[in-house]
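Comments concern the structure below.
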Amino acid sequence: MTASASVPNERSFSNDVTDPMQNINMFDKVQLTKLLIHTLRELGYDESAIKLQEESGGIQVESSIVQNLLKWIRAGSYHYISFVELAQLPLQNGRLTDDQRMAELVAHYQSFESNDAGYSEAKNSMKIENVITTPINTSRTIDRMSTNLEQFNDAIAQIQTLNLSSINIERIRAVLEISILICRQVFLELIFENKDFHTALILLRGTIRRYTEVWDSIDPKIEGLQDEQQTFAPEIILKDMSSLITCPNESIITGLWPNSLTKSRENLIQTISNYINPNDLVPKGRLLTLLRQAVKYQRSKDVFNFSDQEVSNGIEMEDISASKELNKYNLLQDNTSNFQKIAFENEKTLTQHSDEVWYLQFSPDGRYLASVSADATTDRKIYIYDVQNDFQVYKILSGNSQCILYLSFSPDSKLLVSCPFNAIVNIYSIHAEGEPIDINPESDNKIVAEVIKPIDSFYVLPGKEFKRNRSDSNNSMDGASRDVPSNQNRPQDLMATMESGSPLEPRSRSDSPSRHSINPVRIWCCDWFHTERHSGKFVVGSPDREVAIYDTNSSSVVFCFSQNTVIPSSIALQQNILGSSPISGGNALNNITRRDSTFSNNEIFPRVHDIKISNDDNSLILMTHQGKIDVYDISRLPSNNDNYFDIMAEYEKTIIPLASRLNVEKNMTCISIPKPGSFYDPALDSLLLVNLQSSEIQLWNYRENILIQKYFGQKQEQFIIRSCFGFENKLVASGSEDGKVYIWDRVRGNILGVLKAHVNDKPAQSNGNINSNNNKKNGKNCNTVVWNPADHNMFASGGDDGFIKVWKLVKD
């Protein structure tokens with residue numbers, strides 16, 4: 001073999017390589033050059049942009065009429081912006097003057113301006129490079145806008161007589177909207193720069209209001225007009241400008257004025273650019289938009305890609321620059337190869353429980369894992385595992401005669417609340433001392449586990465609010481015993497009632513609770529408040545139509561929702577309940593009184609099967625038995641202070657309005673919200689995960705009443721199966737009635753993993769099990785999956801086999 005035979009020749013080598021430039025003809029060369037010139041300007045390379053413009057033969061990024069408009073706005077020369085210039089703007093769907101009859105009308109007005117030689121000369125003498133930001137010429141600007149308005153009225157009259165097509169009507173509406181935006185800018189400059197409130201009011205009443213009337217006079221129902229896509233709202237503009245004069249507040253001022261005249265005018269230009277044809281005005285940041293789309297496409301080609309540093313942005317995960325740690329993407333090569341695939345490994349199996357594991361929860365600090373067993377042979381159904389010490393049993397919680405349905409850690413990870421099938425709620429201090437027990441396997445770092453009792457217990461009578469005496473309001477939570485005021489119902493009173501021959505019997509679901517019944521309500525779910533202003537409080541929910549707030553600071557139930565909630569009766573708020581945007585607070589709720597605190601249309605307070613408090617403590621989310629999820633605005637609940645009785649007085653006056661309602665219309669089993677973590681994005685606060693009995697999981701934006709995503713694959717038909725957000729809320733994980741754990745990409749909805757977690761029968765004996773005499777035959781459900789909020793690579797699952805499996809997310 002000769003040497004030349006072993007080396008590919010130049011021709012064969014070049015044929016194997018695709019030349020990217022051979023596809024240059026698929027793009028418009030002029031558009032590409034405009035994009036480059038525009039981007040050079042945005043990057044600050046003005047001289048390079050001029051050189052490229054000259055070398056390309058004078059290609060202009062903006063047409064001359066658009067250049068003039070931008071020039072006059074930047075200089076504050078609004079008196080030069082006439083109806084003639086606006087009618088010639090190249091809009092998204094063409095110029096207004098493209099219609100011959102409208103062109104004749106515009107030419108008629110243009111002849112008047114041409115006769116004013118001094119005006120034309122002054123206007124045309126402004127060079128782009130000499131434009132500077134100056135205050136507005138008030139009198140001439142007001143006159144110009146008044147003249148433009150008269151000419152618009154003439155144009156509208158022409159529309160009514162000439163029977164113009166819908167596209168021409170769309171064009172004149174667009175020109176009207178640009179005029180209103182320019183008028184608003186002049187108004188703002190009169191307020192914030194000139195401090196001329198009198199002239200601003202004249203402009204508002206005499207011109208801007210009439211502009212909006214002209215805009216409204218164009219019938220939006222003409223065939224071809226897509227009014228449902230219309231986002232321009234002149235009535236809101238009028239309201240905001242009126243508020244600036246009559247009752248300005250910080251939120252309105254911040255939303256309208258950026259504290260910079262130059263910035264305000266640039267914002268106006270950016271808004272107007274949305275109306276202009278991109279061939280005549282390249283959109284701001286267009287090249288960056290294309291690059292973001294390219295990166296997103298590269299990432300989408302691998303459905304398993306995740307990066308530890310990169311976090312999702314709200315719902316869409318589109319704005320890469322919004323990451324908490326901004327990543328620099330390589331523009332000189334594709335980025336998909338930089339990502340690693342993810343896999344899931346079973347790191348440890350915990351075998352202490354002898355019966356079905358129904359509930360799991362990690363403490364907020366990630367240090368402990370709490371688990372609940374359905375074991376009927378003992379009252380020791382709750383285990384606390386030390387995550388950092390190889391998941392050895394740290395505490396065993398006793399005092400629960402009934403099966404536990406729900407657990408909730410306090411935000412500081414020190415207290416734990418348990419909700420059983422019956423009415424008694426127990427509160428534990430997980431670091432309290434108790435009776436030692438030998439349950440952990442022998443090892444060098446063996447933990448001595450302890451059995452502890454509740455430090456507090458309570459139950460709730462339907463519709464009853466409890467109050468403490470002043471002498472008892474300072475009782476601490478340090479011990480298991482304390483003086484309980486005579487008017488505070490306690491489990492020992494309930495036990496006495498049961499021993500006297502009146503046992504507590506659960507109500508059937510078809511029965512409505514009697515407000516005079518001595519039976520406490522069953523407590524099936526709970527959640528803690530998260531912020532400092534409600535420190536030490538949590539809510540409990542009942543299928544017997546009650547939700548109550550318990551305050552560990554005073555050891556009392558301080559508020560019951562069934563008697564203090566309201567569906568607002570005004571038309572606007574009723575529309576909200578039917579599916580529009582949720583209540584955000586404000587004046588609309590100020591007129592609600594205690595006399596209004598009844599449900600409209602004979603509604604009664606719902607049966608509550610799951611409950612969550614938003615991370616900002618402003619929303620209470622109730623999963624009801626009626627196929628609906630009700631969201632209450634709890635932002636007005638009184639905050640903690642030193643005086644217990646002052647707080648109770650505030651509670652007496654508090655009315656909780658229903659903010660929104662999600663009509664899921666299917667049998668639901670549980671709800672979940674995102675957990676704050678290292679890279680938590682506040683945009684996630686509106687997300688809600690809903691498990692359905694139809695083998696489906698739904699992701700909602702509960703504040704906007706929007707169904708975002710659905711997840712399929714897991715089986716759920718008979719039992720409560722619990723799901724969660726995971727891996728910094730980028731994943732969704734759930735158990736299943738086939739014993740497996742299913743994991744989805746939260747945004748795309750595709751399955752990333754199916755883990756055979758609890759599919760096998762449980763062995764007859766379990767190592768370390770203190771109650772191994774249970775011969776019950778277990779099913780194969782995976783009942784619950786939870787993610788560690790402090791370690792986004794760790795999660796756990798519990799099943800009918802009695803095992804808890806600890807999993808790790810790993811990179812291939």
Side-chain angles (χ1 to χ4, degrees), residues 303-304 315 344 356-361 372 374 405-406 509 524-525 543 607-612 621-629 662-674 687-702 705-727 729-761 777-787 795-801 803-805 807:
V303 297
F304 291 93
I315 297 171
F344 309 95
E356 301 169 355
V357 175
W358 280 5
Y359 201 94
L360 296 172
Q361 189 178 58
V372 166
L405 293 176
Y406 220 92
R509 293 193 175 189
W524 283 9
C525 51
R607 304 181 187 277
V608 178
H609 287 233
D610 204 350
I611 192 168
K612 288 291 182 290
I621 308 168
L622 307 183
M623 187 192 83
T624 74
H625 179 62
Q626 291 83 356
K628 298 179 177 62
I629 294 177
L662 310 184
N663 290 308
V664 181
E665 297 180 350
K666 294 181 180 180
N667 290 333
M668 302 172 287
T669 60
C670 73
I671 56 177
S672 305
I673 62 175
L687 298 186
L688 180 70
L689 204 61
V690 184
N691 275 50
L692 305 178
Q693 216 164 23
S694 55
S695 299
E696 176 184 334
I697 300 175
Q698 295 182 352
L699 179 65
W700 286 78
N701 181 325
Y702 68 85
N705 211 329
I706 299 173
L707 177 60
I708 299 171
Q709 186 60 274
K710 294 183 179 182
Y711 310 95
F712 298 98
Q714 53 92 252
K715 180 181 179 182
Q716 183 174 7
E717 297 174 352
Q718 303 180 58
F719 304 102
I720 296 176
I721 302 295
R722 301 190 185 276
S723 61
C724 67
F725 293 91
F727 196 71
N729 301 303
K730 297 167 74 172
L731 304 179
V732 169
S734 176
S736 175
E737 291 181 10
D738 60 9
K740 300 174 183 177
V741 173
Y742 288 78
I743 301 174
W744 298 266
D745 182 311
R746 192 201 82 221
V747 175
R748 301 185 183 101
N750 55 289
I751 291 181
L752 300 181
V754 179
L755 316 180
K756 295 182 179 180
H758 305 275
V759 298
N760 299 318
D761 292 331
K777 182 176 177 59
N778 295 102
K780 294 184 179 181
N781 293 330
C782 177
N783 297 310
T784 180
V785 180
V786 291
W787 218 280
F795 61 101
S797 64
D800 282 357
D801 56 6
F803 294 157
I804 299 170
K805 294 200 172 183
W807 304 85

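Quick caveat: nothing in here was measured; it's all calculated off a predicted structure.
Atom NE2 of H609 sits about 10.5 Å away from atom CG of L405, to the nearest 0.5 Å. For the atom pair SG of C782 and NZ of K805, the computed distance is 9.5 Å after rounding to the nearest 0.5 Å. Between S672 atom OG and L688 atom CG the span is 8.0 Å, to the nearest 0.5 Å. Rounding to the nearest 0.5 angstrom, the gap separating the SG atom in C525 from the CD1 atom in I611 is 5.5 Å. Atom OH of Y742 sits about 9.5 Å away from atom OG of S734, to the nearest 0.5 Å. A distance of 6.0 Å separates CD1 in I621 from CD1 in I671, rounded to the nearest 0.5 Å.
When side chains are defined from C-beta on, D800 does not count as touching F719, because their heavy atoms never get closer than 4.5 Å. In this structure, the side chains of F712 and I697 stay at 4.5 Å or more apart for every pair of heavy atoms. Residues I804 and L360 have side chains in contact (heavy-atom distance under 4.5 Å, counting atoms from C-beta outward). Put simply, the side chain of L699 reaches to within 4.5 Å of the side chain of Y711, judged on heavy atoms.
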Worked verdict on I706 versus W700 for side chain to side chain contact (heavy atoms under 4.5 Å, CB included): CA-CA 6 Å; I706 299 173; W700 286 78; 5.8 Å; no
Test log, rule side-chain hydrogen bond (donor to acceptor under 3.5 Å, both in side chains), inputs T669 and Q716: CA-CA 9 Å; T669 60; Q716 183 174 7; 2.6 Å; yes
Working for side chain to side chain contact (heavy atoms under 4.5 Å, CB included), residues L687 and I673: CA-CA 6 Å; L687 298 186; I673 62 175; over 6 Å; no
Derivation of the side chain to side chain contact (heavy atoms under 4.5 Å, CB included) call for I629 and Y702: CA-CA 9 Å; I629 294 177; Y702 68 85; 5.8 Å; no
Working for side chain to side chain contact (heavy atoms under 4.5 Å, CB included), residues F795 and L755: CA-CA 12 Å; F795 61 101; L755 316 180; 3.8 Å; yes
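In terms of modelled atom types and a separation under 3.5 Å, the side chain of N705 and the main chain of L662 share no donor-acceptor contact. Counting only distance, with no hydrogens or angles, the side chain of E717 and the backbone of S695 share no donor-acceptor pair below 3.5 Å. Of the possible donor and acceptor atoms, none in the side chain of D745 sits under 3.5 Å from a partner among the backbone N and O of N750. Checked by atom type and distance alone, the side chain of R722 never pairs as donor or acceptor with a backbone atom of N783 at under 3.5 Å. Without hydrogens or angle criteria, D801 side chain to F803 main chain gives a donor-acceptor distance under 3.5 Å. The backbone N or O of V741 lies less than 3.5 Å from no partner atom in the side chain of Q714, so there is not a single donor-acceptor pair. When atom types are taken as modelled, the side chain of Q709 and the backbone of V747 share a donor-acceptor pair closer than 3.5 angstrom. The backbone N or O of D738 sits nowhere less than 3.5 Å from a side-chain atom of K715 that would complete a donor-acceptor pair.
Shown here are the salt bridge (charged side-chain N to carboxylate O under 4.0 Å, His left out) partners of K740, two or more places apart in sequence or in another chain: there are none. The side chain to side chain donor-acceptor pair (under 3.5 Å) search around S797 returns H758, W807, not counting sequence neighbours. Residues that satisfy the salt bridge (charged side-chain N to carboxylate O under 4.0 Å, His left out) test with K628, not counting sequence neighbours, are absent from this structure.
Residue Q698 forms a side chain to side chain contact (heavy atoms under 4.5 Å, CB included) with just one option from L692, I708, L689, and that option is L692.
A salt bridge links K666 with E696: the closest approach of a Lys/Arg side-chain nitrogen to an acidic carboxylate oxygen falls below 4.0 angstrom.
Considering every non-hydrogen atom in both A733 and V785, the closest pair reads CB-CG1, 3.8 Å. Heavy-atom minimum distance, G726 versus W787: CA-CD2, 3.3 Å.
Between Y359 and Y406, the two ring planes are tilted [angle within 30° to 60°].
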